[in-house]
Amino acid sequence: MNPRSGYTLPVFACATAVAALRWLHQNISSLSTVSINLLEPAEIIDIPIEQVALLKNNTALAITRSDPGNNLDLTHNTPVWAMVELATVSLSDASEQIVIIGGAGIGQNIHSGEAAIYSYARRLLQENLQPLLNSNEQIKVTIILPEGRQLATRTSNSAFGIVEGLSLLGTTGLSQPLSVPGQLEAYQEELQQKAVQFNSLVFCIGENGLDIARKMGIPLQQTVKTANWLGPMLVAAAIAGIESILLLGYHGKLIKLAGGIFHTHHYLADGRLEILTAHCANIGLPTSVLQEIFACNTAEDALKLLRNLDINGENYWVDRVYGAIASKIDQRCQAYIFNHSQKEVQVGSMLFDRDRQIFCKTEVADTVFSQICYAINNSLS
């Protein structure tokens, strides 16, 4: 069966906001679908609306349900609400016509205090709602995910500083079915196309890695989103003639590779804390620390514990432990590729933390990144 794409959470949030605003303007209580411009890609799609109702004068609520397609996405069928409050203001006061608020179930960034509604979601809401407003109208849009707080406990959001709910994250409206076998074939086909242009590629498991790669100046066309299929994608790259790969990922994901786990979805295997504890033991940390590491709830908590062992701002233990882990990731990946393809490929690792800061990289990673930068500069000169 071919994988079926669906749509990301921002699309459903936008659809409910549009439905609520249309109800306020047109009093259409039987609204069954709304049309949304995805922007990325530039495509108009229809989203079914489950319910829409007036709450009070100039305030309406609309409800739909998330459909991410054939995916193990935990947001499948979760309700998405938007409450829209409409006001008439003088033109001089209408500087911000659309105010977007994260309601219950939308995560909060513990560092900034802002709702976890990211740039694509905000742009999607702004550009779909703006044409529906008169120049003297202002709306406040509150996005609500009734199951968001509960679902967030099953994600790694807290590792990235997002608490109390889910993020409206993504760079596109399409939700690719990352977890079904058919998607692997699509990823491998994309990889083969990019291998025609480049001899080095940057592997990113998810959106965070892609965003960091972009900020590092790596061209989007030289990045490959692997999802959790790292083993098969590494082999596919070797067969396609790729000479070097930069692995750019969250340490809580990539650490699994150091233990020989090459499909990183938590449904299949974990072992992060066991791998981390073993490396801590190997460099001689005392038993009491090993027990604390092993008892941590997350890999991010364990990294924080190691950082707390370091004094005077130095990263002695972090550098030693994660340096060994990153080197093991490189070795394991290169051995995995050779065992399955009889080809030799350079693999270098860069690991980032919940603040999306790279804190560990291998020499091979530095070399591969330098080669990519050199090629970019040559193409521009």
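As the structure is a computational prediction, the values presented were derived from the model and not from experiment. When reading the values below, keep in mind they use all heavy atoms of this one structure, side chains included, and skip hydrogens, waters and symmetry mates.
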Q: Give a yes or no answer on whether the side chain of N339 reaches the backbone of A335 with a donor-acceptor pair at less than 3.5 Å.
A: yes

Q: Mark yes or no for whether E164, through its side chain, and G105, through its backbone, hold a donor-acceptor pair below 3.5 Å.
A: no

Q: Under a 3.5 Å distance rule, please check whether D330 uses its side chain to pair with a backbone N or O of S349 as donor and acceptor.
A: yes

Q: Does the gap between the ring centers of F359 and F352 come in under 6.0 Å?
A: no

Q: Does any donor atom in the side chain of D353 or H251 lie under 3.5 Å from an acceptor atom in the other side chain?
A: no

Q: Verify, without hydrogens or angle tests, whether T75 (side chain) and T78 (backbone) share a donor-acceptor contact under 3.5 angstrom.
A: no

Q: Looking at G69, is its backbone amide N or carbonyl O close enough to the side chain of D67 to form a donor-acceptor pair, meaning the two atoms are under 3.5 Å apart?
A: yes

Q: Indicate whether the side chain of Y118 and that of E207 have a donor and an acceptor atom separated by less than 3.5 Å.
A: no

Q: Quick one: does D46's side chain have a donor or acceptor within less than 3.5 Å of a partner on T33's backbone?
A: no

Q: Using distance alone, with no hydrogens and no angle criterion, decide if Q346 and E243 have a side-chain donor and acceptor under 3.5 Å apart.
A: no

Q: Quick one: do the Y316 and R320 side chains pair a donor with an acceptor below 3.5 Å?
A: yes

Q: Would Y322 and H279 count as a close aromatic pair, with their ring centres under 6.0 Å?
A: no

Q: Do the side chain of T172 and the main chain of E40 share a donor and acceptor less than 3.5 angstrom apart?
A: yes

